[in-house]
S.K.: 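Okay, here's the structure, questions in a sec.
Throughout, residue positions are numbered sequentially from 1 according to the sequence presented. Both backbone and side-chain heavy atoms feed into the values below; hydrogens, waters and symmetry mates do not. Computed from a predicted model, the values in this text were never measured in an experiment.
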Amino acid sequence: MKPPYLTPEALQSFITAALQEDIGPGDYSSLAAIPDGKKGQARLLIKEPGILAGVELATYIFQAVDPQLRVELLKKDGDPVEAGDIGFLVFGPSASILSAERLVLNCMQRMSAVATKTHRLTQLISHTKARLMDTRKTTPNFRLMEKWAVLIGGGVNHRFALYDMIMLKDNHVDFAGGIRQAIERTKKYLEENQLKLKIEVETRNLEEVEEVLQVGGVDYIMLDNMDLDTMKEAVKRINGRMGTEASGGITESNLVEVAECGVDYISMGALTHSVSSLDISLKAF
């Protein structure tokens, strides 16, 4: 089952805009060099190990470029791959294969990088209950694909955007005049506007954690930039009454220690903003 943001309309909108950016009025290199009616075939060549992502998206892109293109899948999203593996074969008009090539590769290289990193880090904390979660620190206009890749890699999606969950961060709290004011105004706003959204509140110390617990009506408490001892104490005080999310300053080197504090989720912007594309190419054969 796909997440709610992966609608046919959203996918089509992305592909249409991306192809317009890349092809514009025409792929003149292919149109000029390749004879009309020329048919060809190409293979997706994997050049380094990782977790493959973007295969399903690639099939949509090929179809959008030319319905005559046919894709034969040899690997699926989420499959571990090694250098030398073939992800899929594509058959059809040669010019159309080349017109779709760069968009397919751009998407798959980055999505596979995100999925690979997510998978590796998820494995590090598999002995704990903590789940690795993404953030909104994504590439503009490519969030759909990056969050999809996190799922493929075994992670969890946080809110997709500003409209599908309430997150009261430090600036919200400070501007509102305090935690109690921010929460109470939020609950009133949701009721008046008949909105059913989960609420998360960021806390920076144990005093703020206690205040959230006293006010109540919150689904998750974020434990932001807390040291390990403080985080363990916060988890103990919350005692399952609300979900817990560790955030801020979390890296691969301290991830396991944070997970062992007993939190439910760990959010890492690095899953999407600090990855190097997986080396993948499309080669005619």
S.K.: If only atom types and distance count, is the side chain of E48 paired as donor or acceptor with the main-chain N or O of D279 below 3.5 Å?
M.R.: yes
S.K.: Evaluate whether atom CG of D36 has more than 12 neighbouring non-hydrogen atoms of other residues, nucleotides or ligands under 6.0 angstrom away.
M.R.: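 Incorrect, the count does not exceed 12.
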S.K.: Would you tabulate the side-chain donor-acceptor contacts of residues 11-23 under 3.5 Å, counting partners in other chains and residues two or more places apart, or write 'none'?
M.R.:
residue : atom : partner : partner atom : Å
Q12     : NE2  : T16     : OG1          : 3.0
T16     : OG1  : Q12     : O            : 2.8

S.K.: Any link between L124 and V258 through a network of hydrophobic side chains (Ile, Leu, Val, Met, Phe, Trp, Tyr) touching at under 4.5 Å?
M.R.: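 Yes, L124 connects to V258 through the hydrophobic network.
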S.K.: Between A270 and K117, what is the shortest heavy-atom contact and its length?
M.R.: O-NZ, 3.7 Å
S.K.: Should side-chain heavy atoms under 4.5 Å link Ile, Leu, Val, Met, Phe, Trp and Tyr, which residues sit in the same cluster as V156?
M.R.: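 V156 clusters with M133, M165, Y220, Y265.
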S.K.: Are F285 and L45 linked, directly or through intermediate hydrophobic residues, by side-chain heavy-atom contacts shorter than 4.5 Å (ILVMFWY only)?
M.R.: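 Same cluster.
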S.K.: Passes side-chain contact (heavy atoms from CB on, under 4.5 Å), M111 versus D77? Steps please.
M.R.: CA-CA 10 Å; M111 288 180 70; D77 285 326; 5.9 Å; no
S.K.: My understanding is that only residues two or more places apart in sequence, or in another chain, count here; which of them pass side chain to side chain contact (heavy atoms under 4.5 Å, CB included) with S30?
M.R.: D27, I34, A95, L98
S.K.: Compare all side-chain heavy atoms of M242 with those of L213 and state whether any distance is below 4.5 angstrom.
M.R.: yes
S.K.: Hey, is the main chain of T230 close enough, under 3.5 Å, to the side chain of D227 for a donor-acceptor pair?
M.R.: yes
S.K.: Partners of N239 by side chain to side chain contact (heavy atoms under 4.5 Å, CB included), sequence neighbours excluded?
M.R.: none
S.K.: Using every non-hydrogen atom in the two residues, find where I46 and G87 come nearest and quote the distance to one decimal.
M.R.: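 Looking at all heavy atoms of both residues, the closest pair is CG1-N, 4.4 Å.
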S.K.: What pairs of residues pass the side chain to side chain donor-acceptor pair (under 3.5 Å) test when at least one of them lies in residues 123-134, not counting sequence neighbours?
M.R.: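 Only H127-E260, K129-D264, D134-K147, D134-N157 qualify under side chain to side chain donor-acceptor pair (under 3.5 Å).
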S.K.: Would you say M268 and L132 make side-chain contact, with heavy atoms under 4.5 Å?
M.R.: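 Yes - at least one pair of side-chain heavy atoms lies under 4.5 Å apart.
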S.K.: What I'd like to find out is whether the side chain of P93 reaches to under 4.5 Å of the side chain of K38, using heavy atoms alone.
M.R.: no
S.K.: Could you check K169, R159, H158 and say which one makes a side-chain hydrogen bond (donor to acceptor under 3.5 Å, both in side chains) with E200?
M.R.: H158
S.K.: Are the side chain of N254 and the backbone of T251 linked by a donor-acceptor contact shorter than 3.5 Å?
M.R.: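 At least one qualifying donor-acceptor pair exists.
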S.K.: Could you work out the complete set of other residues in the hydrophobic cluster of L31, with links drawn between I, L, V, M, F, W and Y side chains under 4.5 Å apart?
M.R.: Y28
S.K.: Any idea which heavy atoms bring V263 and T244 closest together, and the distance?
M.R.: CA-OG1, 3.3 Å
S.K.: Under 4.5 Å between side-chain heavy atoms, counting indirect links through other Ile/Leu/Val/Met/Phe/Trp/Tyr residues: same cluster for V235 and L228 or not?
M.R.: yes
S.K.: With I266 as reference, evaluate T122, L223, L255 under the side-chain contact (heavy atoms from CB on, under 4.5 Å) test and give the passing residue.
M.R.: L255
S.K.: State, to 0.1 Å, how close A113 and S276 come at their nearest heavy-atom pair, and which atoms those are.
M.R.: CB-O, 3.2 Å
S.K.: Answer with yes or no whether the hydrophobic clustering places I221 together with L197; edges join I, L, V, M, F, W, Y residues whose side-chain heavy atoms lie under 4.5 Å apart.
M.R.: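 Yes; L197 is reachable from I221 via cluster members.
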S.K.: Any non-hydrogen side-chain atom of V209 less than 4.5 Å from a side-chain atom of M226?
M.R.: yes
S.K.: Would you list the atom pairs, donor with acceptor, under 3.5 Å between side chains in residues 182-189 and any protein atom, with sequence neighbours excluded?
M.R.:
residue : atom : partner : partner atom : Å
E184    : OE2  : R180    : NH1          : 3.2
T186    : OG1  : A182    : O            : 2.7
K188    : NZ   : E192    : OE2          : 2.5

S.K.: I'd like to check F88 versus K75 (side-chain heavy atoms, cut-off strictly below 4.5 Å). Are they in contact?
M.R.: no
S.K.: Does the R237 side chain pair with the main chain of A234, one donor and one acceptor, at a distance under 3.5 Å?
M.R.: no
S.K.: Nearest 0.5 Å, please: how far is NZ in K198 from CD1 in I166?
M.R.: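 The CD1 atom of I166 sits 12.5 Å away from the NZ atom of K198.
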S.K.: Would you give the length of the straight line joining atom CG of L105 to atom CG of L278, rounded to the nearest 0.5 angstrom?
M.R.: 11.5 Å
S.K.: For residues 51-67, please give each side-chain donor-acceptor pair under 3.5 Å, one per line with the distance, not counting sequence neighbours.
M.R.:
residue : atom : partner : partner atom : Å
E56     : OE2  : K2      : NZ           : 2.8
E56     : OE2  : Y60     : OH           : 2.6
T59     : OG1  : E56     : O            : 2.5
Q63     : NE2  : P67     : O            : 3.4
Q63     : NE2  : L69     : O            : 2.8
D66     : OD1  : Q68     : N            : 2.8
D66     : OD2  : S96     : OG           : 2.6

S.K.: Under a single-linkage rule joining Ile, Leu, Val, Met, Phe, Trp and Tyr whose side-chain heavy atoms are separated by less than 4.5 Å, which residues share a cluster with M222?
M.R.: M167
S.K.: Using side-chain heavy atoms (C-beta onward) and a distance below 4.5 Å, is E252 in contact with L121?
M.R.: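 Counting from C-beta outward, E252 and L121 do come under 4.5 Å.
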S.K.: Indicate the atoms forming the closest heavy-atom contact of S267 with E245, along with that distance.
M.R.: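 Scanning both residues, the minimum pair turns out to be OG-OE2, 2.6 Å.
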S.K.: Is there a side-chain contact between T139 and T272 (heavy atoms, below 4.5 Å)?
M.R.: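 They are not in contact (no side-chain heavy atoms under 4.5 Å apart), so the answer is no.
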S.K.: List in chain and number order the residues that pass ring-ring contact (aromatic ring centres under 6.0 Å, His included) with Y5, two or more places apart in sequence or in another chain; answer none if no residue qualifies.
M.R.: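 By the ring-ring contact (aromatic ring centres under 6.0 Å, His included) rule, Y5 matches F160.
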S.K.: Given the rule in the side-chain contact (heavy atoms from CB on, under 4.5 Å) test, do M108 and L44 qualify, once you have shown the distances and angles that lead to the verdict?
M.R.: CA-CA 10 Å; M108 291 199 66; L44 187 81; 3.6 Å; yes
S.K.: Quick one: pull up CD in E146 and CG in N141 and give me the separation to the nearest 0.5 Å.
M.R.: 10.5 Å
S.K.: How long is the straight-line distance from CG of L271 back to OG1 of T116, given to the nearest 0.5 Å?
M.R.: 12.0 Å
S.K.: Of all heavy-atom pairs between G248 and N225, which one has the smallest distance, and what is that distance?
M.R.: C-OD1, 3.3 Å
S.K.: If you count the non-hydrogen atoms of other residues, nucleotides and ligands that lie under 6.0 Å from CZ in F175, is the total more than 12?
M.R.: no
S.K.: Please determine whether the number of non-hydrogen atoms from other residues, nucleotides or ligands lying under 6.0 Å from atom CG of D164 exceeds 12.
M.R.: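 Counting neighbours around CG of D164, more than 12 heavy atoms of other residues, nucleotides or ligands fall under 6.0 Å, so yes.
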S.K.: Find the distance between NZ (K236) and SG (C261) and round it off to the nearest 0.5 Å.
M.R.: 13.5 Å
S.K.: Once side chain to side chain contact (heavy atoms under 4.5 Å, CB included) is applied, do any residues pair with E82, and if so which ones, sequence neighbours excluded?
M.R.: P49, D85
S.K.: With hydrophobic residues grouped by side-chain heavy-atom distances under 4.5 Å, do F91 and I97 end up in a single group?
M.R.: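 Unlinked, F91 and I97 end up in two clusters.
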S.K.: Do T203 and V212 come within less than 4.5 Å of each other through their side chains, counting heavy atoms only?
M.R.: yes
S.K.: Run the salt bridge (charged side-chain N to carboxylate O under 4.0 Å, His left out) test against E101 and tell me which residues pass, sequence neighbours left out.
M.R.: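 Scan of E101 (salt bridge (charged side-chain N to carboxylate O under 4.0 Å, His left out), adjacent residues dropped) gives none.
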